[in-house]
Amino acid sequence: MGAISKDQAQEFTMEGRPHSYAVLDHLRCRWCLDGFTEGSGSRTHFEPPDQIVQADFARAAGKREIPDKGLYLMAFIDFCGKCMHQCPSPEFDYRPRPD
């Protein structure tokens, strides 16, 4: 989705140690959170506009697939967190540990 920047970072200092993290495009992130992309766990898939504005969410919600409409509106299901496993950091080396 391009919600997490590959080349822009925000920086801060905590207890004298510098930290940085990627800039997040909150509207692109919300596009997945609201279940408008199939990779987010939703059946609905809409390509986001280049420049997302608030009205785009209402238009997309009106065209959502019926099962997703029920999940999102009736059960308050969101699709948040899918970016963590769909697009992991290239520097993250996950090795499961035995229980």
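Worth knowing before you read on, the calculation uses all heavy atoms, side chains too, and leaves out hydrogens, waters and symmetry mates.
Between Phe36 and His45, every side-chain heavy-atom pair lies at or beyond the 4.5 Å cut-off. Using a 4.5 Å heavy-atom cutoff, the side chains of Ile52 and Arg28 are in contact. Put simply, the side chain of Ser5 reaches to within 4.5 Å of the side chain of Asp7, judged on heavy atoms. Looking at heavy atoms from C-beta onward, Gln10 lies out of side-chain contact with His19 at the 4.5 angstrom threshold.
A distance-only check finds a donor-acceptor pair linking the side chain of Trp31 to the backbone of Phe46 [under 3.5 Å].
Smallest separation of non-hydrogen atoms from Ile4 and Ala22: CG2-CB, 3.6 Å. Minimum heavy-atom separation, Gly2 to Asp25: O-CB, 4.5 Å. Nearest heavy atom pair, residue Cys29 against residue Leu24, reads CB-CD1, 4.0 Å.
Taking NE2 from His26 and CG from Leu33, the interatomic distance works out to 12.0 Å, rounded to the nearest 0.5 Å.
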